[in-house]
K.L.:
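Pasting a structure here, questions to come.
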2 protein chains.
Amino acid sequence: MTVTIYDVAREAGVSMATVSRVVNNNPNVKPQTRKKVFEAIERLGYRPNAVARGLASKKTTTVGVVIPDISNSIFSEVARGIEDIANMYHYNIILCNADKRKEKEIRVINTLLEKQVDGLLFMGGTVTEEHVQAFRTSTVPIVLCGTRDDKDQFPSVDIDHEAAAFDAVNLLIGQGHSKIGMISGTLQDPANGYSRYQGYKKALEQAGLSVSEDLVRIGNYRYESGYDVMKYFLQLSDRPTAIFAATDEMAIGAIHAIQDEGLRVPEDISVISVDNIRMASMVRPLLTTVAQPMYDIGAVSMRLLTKLMNKENVEMSKVLLSHEIIQRKSVAHV
Amino acid sequence: MTVTIYDVAREAGVSMATVSRVVNNNPNVKPQTRKKVFEAIERLGYRPNAVARGLASKKTTTVGVVIPDISNSIFSEVARGIEDIANMYHYNIILCNADKRKEKEIRVINTLLEKQVDGLLFMGGTVTEEHVQAFRTSTVPIVLCGTRDDKDQFPSVDIDHEAAAFDAVNLLIGQGHSKIGMISGTLQDPANGYSRYQGYKKALEQAGLSVSEDLVRIGNYRYESGYDVMKYFLQLSDRPTAIFAATDEMAIGAIHAIQDEGLRVPEDISVISVDNIRMASMVRPLLTTVAQPMYDIGAVSMRLLTKLMNKENVEMSKVLLSHEIIQRKSVAHV
DNA sequence: CTGTTAGCGCGTTCAG
DNA sequence: CTGAACGCGCTAACAG
């Protein structure tokens, strides 16, 4: 049924070692022999068995990528960066979605490891103690991509979320706003949640503004929660004149809540956030936001992983990429 | 370095066959022995090697999914359906992005096949002769998911794109519109392009309306092209009162083009499309659209694939799922 | 430049 | 209920 390297060898009148050589582009084969082998391969429709190859060589030339939520466009942009670099170094990548559920993340990490990937990229998500446990059992390198572990034990590529949030809020302050509400992610999440909240607080404090508990509400990163939280802010007697949302999606939800109330952005209320997903330039008004270099996060982490897999020693295994304010149309002077 | 089934056997004082049995849940093991083995596994931190297992058993319990464009939210919704069913049947799925490029699709199909997946799901994308060639070389079942090949040679799960488009345009006609522009995908694409265009034409013809070449323009499915095409329509002296876009993204682009021009949707111009992506309910006005059951497309095609992999004989290997008009706020009476 | 020979880690008969 | 032995398809020395 399935044609093996052995069949090809017989068909071409050479040994299987020779076939293996031509399949693997080993230069030590006479052009003529090479040609014979290729013809036999063609004739038989031979397709190398990557599983057998993986077992014999103890390398699969594939890296596993765990993606916390495939429907989140941030991750697809990061994935794009990962892919491009992976292809460049001739690695296949296999994406595994974890559906935002921790147990599934752990499970996926383990299957990937069982499948003998040569390296692992862990995207997004919070890194808990259980994750660390799973990572520890790995014999192949792992890099965190768009996240970090709190003890910084693992190689990682990310932005400085606190600084990004700080810059966003600071821009609001620069525009004269002093009553700034925040739509935060869960404070349990060190990156998108806690750090961005810290940045918010720090900006206010540095400007001598008070931070009021009433003005920060927790969302779940999604549009709907941004919408709902904004509705809450709007019915406050002393409502904010500007909103900092932890993610673009929540910011867009907030904008629509404001508009649905008959108010205008940015004339009545300014909105800013961080991420710069594609949708940020697909709304009215165009969303002002702090861009994280998603493609680069993916690309740099994949590059780092190739070095690690290659056992090169890397000087910087924890890299922070820089962010950038994208001024569009959702922020105005108070 | 790596601990094998053999190490576990020695540690537990049994043979490797026994270890294999407990790992694979074979009932023919005395509970006591089973316990010993589990303890040894625990102690040694043994992790089964899926590659070796795959070679020995000739099954990998994984199915490959080629996803044409990871940044397109339609596909992520379909993937979700695939995953749920795959998990239910204890298959792992590995996603491979093809970046909307045909050669990459072919390449990815081949790597997946080399990796000895037990089945293949081909999502979206046009099925060309080259695809058919690649599929033919496969010894494992393949199902097309959200697309079909023109000769209907392969099992597939999709909606009736022509009927969906027909219904959308018909709704416009029912609202009194007679000058209906279409923002189409490329007519080369049998599903989202050609079929949806045919549905548009058929609806007009059935209503006794003339179809004018000036009123159909080709976009590339994305927001920007919807925006640009709409700009073109707007400067027409005799501009349309309603727009049918082949995808939600283009429809949203069109809406913004209209609004940027100082006009209103739906009061001045109505807009409808087909897909019902998440973003359709994240714009103002909310987008009226024909929903394709994306989750179900994924789920049903995965279910079909499991049957095929299991060599059950299936009666219906080409299934068409039904669509549904979602009336929201972007269509009004003329 | 080419062939021979061992495994890679595991599932699976077949005996016992 | 358990163990011995073979082989899955291929790579990697080692000879020649």
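Chain A is the first sequence line, chain B the second, and so forth, proteins listed ahead of strands; every chain is numbered from 1. Because the structure is a prediction, the values reported are computed rather than measured. These numbers come from the heavy atoms of this one structure, side chains and all, not from hydrogens, waters or symmetry mates.
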K.L.:
If I take atom CG in residue D7(B) and atom P in nucleotide dG9(C), what distance separates them, rounded to the nearest angstrom?
P.N.:
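It works out to 9 Å between those atoms.
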K.L.:
Considering just the side-chain nitrogens and oxygens of K58(B), establish if one lies under 4.0 Å of OP1 or OP2 belonging to dG9(D).
P.N.:
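For dG9(D), OP1/OP2 do have a side-chain N/O of K58(B) under 4.0 Å.
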K.L.:
N/O contacts under 3.5 Å, protein versus nucleotides 13-16 of chain C?
P.N.:
none

K.L.:
Tell me which residues in residues 22-41 of chain B put a heavy atom below 4.0 Å from DNA chain D, sorted by number, or none.
P.N.:
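Result for residues 22-41 of chain B: N28(B), V29(B), K30(B), T33(B), sorted by number.
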K.L.:
Please tell me which of the listed nucleotides, dC10(C), dT11(D), dG3(D), lies nearest to the side chain of V14(B)?
P.N.:
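Selected nucleotide: dG3(D).
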K.L.:
May I ask you to verify if any side-chain N or O of Y6(B) is less than 4.0 angstrom from the OP1 or OP2 atom of dG3(D)?
P.N.:
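No, no such contact exists.
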K.L.:
Could you tell me whether the phosphate oxygens of dT12(C), OP1 or OP2, come under 4.0 Å of any side-chain nitrogen or oxygen in S57(B)?
P.N.:
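It does not, given that no N or O in the side chain of S57(B) lies less than 4.0 Å from OP1 or OP2 of dT12(C).
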K.L.:
Considering only side-chain heavy atoms of A56(B), which listed nucleotide, dC8(C), dG11(C), dG3(C), is closest?
P.N.:
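So the side chain of A56(B) is nearest to dG11(C).
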K.L.:
Can you see if the side chain of S15(B) gets near the phosphate of dG3(D) - specifically, an N or O under 4.0 Å from OP1 or OP2?
P.N.:
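Indeed, a polar side-chain atom of S15(B) lies that close.
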K.L.:
When you get a sec, tell me which of dG9(D), dG9(C), dT2(D) is the closest nucleotide to the side chain of T18(B)?
P.N.:
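Among dG9(D), dG9(C), dT2(D), the one nearest the side chain of T18(B) is dT2(D).
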K.L.:
Rounded to the nearest Å, what distance is computed from the CD1 atom of residue I5(A) to the P atom of nucleotide dG7(D)?
P.N.:
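It is 19 Å, rounded to the nearest whole Å.
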K.L.:
Counting side-chain heavy atoms from CB outward, which of dT11(D), dG9(D), dG11(C) is closest to R53(A)?
P.N.:
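For R53(A), the side-chain atoms sit closest to dT11(D).
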K.L.:
Please give, in whole Å, the distance from dC10(D) P to R47(A) CZ?
P.N.:
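It is 12 Å, rounded to the nearest whole Å.
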K.L.:
Determine, using ring centers only, whether F154(A) and F122(A) are less than 6.0 Å apart.
P.N.:
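Ring centres of F154(A) and F122(A) not closer than 6.0 Å.
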